[in-house]
Amino acid sequence: EDFETGNFDSYEWKVEANGNGRWNIDTISPYEGKYCVKADMVANNQFTKLKLQIEVLADGPLSFYVKTSTEQYYDKMEFLINALADPNREWSGITDWTKYTCEMKKGSYALEWRFRKDSSTSEGEDRVYVDNIVFPPVCVITMLEKISGLEYNVQNDQVNLRWDAVENAEEYVVRRN
């Protein structure tokens with residue numbers, strides 16, 4: 001995901017915040033290409049999250065680039081996997097683009113990029129940036145409100161889907177990212 005579409009449409013991204021903070025597409029400071037994503041407008045004691053549910057089909061690396069302009073040690077960009085934080089996945093201070101890589105095993109994951117601020121003091125621009133996310137082989141699972149009984153089975157590089165038919169449905173669209 002390099003955000004070169006200029007929007008969040010390539011994957012089923014979810015954005016959450018407990019204030020005015022938000023994630024936006026940015027054209028000023030990308031690592032590569034024309035676009036990246038940035039989190040800003042986060043007030044003291046607030047956060048904003050960029051989340052994605054994925055199914056990793058085969059073991060492999062996940063990587064992305066991160067850049068921060070925050071108060072060192074206190075206002076942090078964190079990368080959580082299945083809601084688990086790790087000090088090795090935290091960035092703060094005024095930093096240039098840094099590559100992060102981790103190995104992912106086959107399975108389901110909830111990924112979260114979170115920018116949170118402490119109760120006081122601001123330094124830098126109070127922004128964090130993410131760009132050039134490279135996933136291992138994945139299937140992004142999207143639950144659609146108009147269908148029920150969705151089941152999936154992943155075997156090797158194949159995903160089998162089954163769901164209950166929807167009355168008067170004219171078409172179903174299954175998209176692979």
Side-chain angles (χ1 to χ4, degrees), residues 1-56 62-71 74-95 97-102 104 107-119 122-136 138-147 150 152 173-177:
E1 170 67 278
D2 55 14
F3 304 101
E4 291 304 305
T5 59
N7 57 45
F8 291 105
D9 293 347
S10 294
Y11 292 90
E12 295 293 324
W13 295 104
K14 304 285 186 244
V15 177
E16 293 179 13
N18 70 341
N20 293 328
R22 61 183 183 264
W23 287 89
N24 296 300
I25 301 297
D26 183 66
T27 59
I28 306 299
S29 303
Y31 169 75
E32 186 174 86
K34 293 182 181 180
Y35 303 98
C36 68
V37 65
K38 75 174 177 184
D40 62 3
M41 304 296 292
V42 177
N44 291 337
N45 282 327
Q46 294 186 348
F47 65 83
T48 185
K49 303 174 182 179
L50 183 63
K51 300 168 79 172
L52 183 66
Q53 289 283 139
I54 63 170
E55 180 76 25
V56 174
L62 175 142
S63 66
F64 59 88
Y65 286 83
V66 60
K67 177 180 170 181
T68 61
S69 183
T70 69
E71 180 186 10
Y74 299 101
D75 299 343
K76 300 176 183 178
M77 205 296 282
E78 302 165 301
F79 177 57
L80 290 80
I81 301 173
N82 292 336
L84 299 175
D86 181 331
N88 294 318
R89 296 191 307 257
E90 293 181 356
W91 299 267
S92 66
I94 301 188
T95 67
W97 288 104
T98 303
K99 186 176 184 179
Y100 171 77
T101 303
C102 68
M104 304 289 286
S108 297
Y109 294 93
L111 305 179
E112 178 181 316
W113 288 262
R114 177 173 58 191
F115 176 40
R116 70 177 171 84
K117 288 182 50 71
D118 71 349
S119 60
S122 292
E123 287 182 19
E125 301 173 337
D126 271 343
R127 292 183 181 146
V128 298
Y129 303 84
V130 175
D131 200 4
N132 207 24
I133 303 169
V134 178
F135 298 105
V138 299
C139 175
V140 177
I141 306 302
T142 305
M143 299 301 288
L144 302 175
E145 292 180 34
K146 294 185 177 183
I147 64 172
L150 177 64
Y152 70 93
V173 177
V174 177
R175 180 178 69 169
R176 179 182 176 161
N177 288 327

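Note that the numbering runs from 1 along the sequence shown for the chain.
Contact record, N44 with S122: OD1-OG, 4.4 Å, taken as the closest heavy-atom pair. Of all the heavy atoms in F115 and W23, the pair that sits closest is N-CZ2, 4.4 Å. Of all heavy-atom pairs between S10 and T5, the closest is OG-CG2, 3.4 Å. Looking at every heavy atom in both residues, Q46 comes nearest to N20 through OE1-N, 3.6 Å. Scanning both residues, N7 and D9, for their nearest heavy atoms gives OD1-N, 2.9 Å. Between C102 and Y100, the closest heavy-atom pair is CB-OH, 3.3 Å.
Considering only residues two or more places apart in sequence or on other chains, E71 meets the salt bridge (charged side-chain N to carboxylate O under 4.0 Å, His left out) condition with none of them. Applying the salt bridge (charged side-chain N to carboxylate O under 4.0 Å, His left out) rule to K38 yields the partners D26, D40; only residues at least two apart in sequence or on another chain are considered. With sequence neighbours excluded, the residues forming a salt bridge (charged side-chain N to carboxylate O under 4.0 Å, His left out) with R114 are E78, E112, listed by chain and number. In this structure, the side-chain contact (heavy atoms from CB on, under 4.5 Å) partners of T95, at least two apart in sequence or on a different chain, are T68. With sequence neighbours left out, the ring pair (Phe, Tyr, Trp, His ring centres under 6.0 Å) criterion links F135 to Y11.
A distance-only check finds no donor-acceptor pair linking the side chain of N82 to the backbone of L84 [under 3.5 Å]. A distance-only check finds a donor-acceptor pair linking the side chain of R89 to the backbone of F79 [under 3.5 Å]. No side-chain donor-acceptor contact under 3.5 Å links S63 to the backbone of T101.
Counting non-hydrogen atoms of neighbouring residues, nucleotides and ligands closer than 6.0 angstrom, the CZ atom of F47 exceeds 12 such neighbours.
Between F3 and F8, the ring planes are perpendicular. Angles over 60° get that label, and only those under 30° would be called parallel.
Under the 4.5 Å side-chain criterion, counting only non-hydrogen atoms from C-beta, V130 is in contact with M77. Residues D75 and D118 form a side-chain contact, since some pair of their non-hydrogen atoms from C-beta on lies under 4.5 Å apart. Contact annotation: the side chain of V56 approaches that of Y109 to within less than 4.5 Å [non-hydrogen atoms, C-beta and beyond].
In this structure, L62 CG and I54 CD1 are separated by 6.5 Å, a value rounded to the nearest 0.5 Å. Atom-to-atom distance recorded for K14:NZ and L50:CG is 11.0 Å, nearest 0.5 angstrom. Between atom CD of residue E123 and atom CD1 of residue I94 there is a gap of 6.5 Å, rounded to the nearest 0.5 Å.
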May I have the step-by-step check of side-chain contact (heavy atoms from CB on, under 4.5 Å) for R116 and K76, ending in yes or no? CA-CA 6 Å; R116 70 177 171 84; K76 300 176 183 178; 3.9 Å; yes
Full working for side-chain contact (heavy atoms from CB on, under 4.5 Å) between W97 and D131: CA-CA 9 Å; W97 288 104; D131 200 4; 3.8 Å; yes
Would you mind writing out the side-chain donor-acceptor pairs for residues 27-36 within the sub-3.5 Å range, not counting sequence neighbours?
{"unit_1": "Y31", "atom_1": "OH", "unit_2": "Y65", "atom_2": "OH", "d": "3.3"}

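Each of D126, T70, T48 was compared with K117 under the side-chain hydrogen bond (donor to acceptor under 3.5 Å, both in side chains) criterion, and only D126 meets it.
In summary, the aromatic rings of W113 and W13 are positioned with their centroids under 6.0 Å apart.
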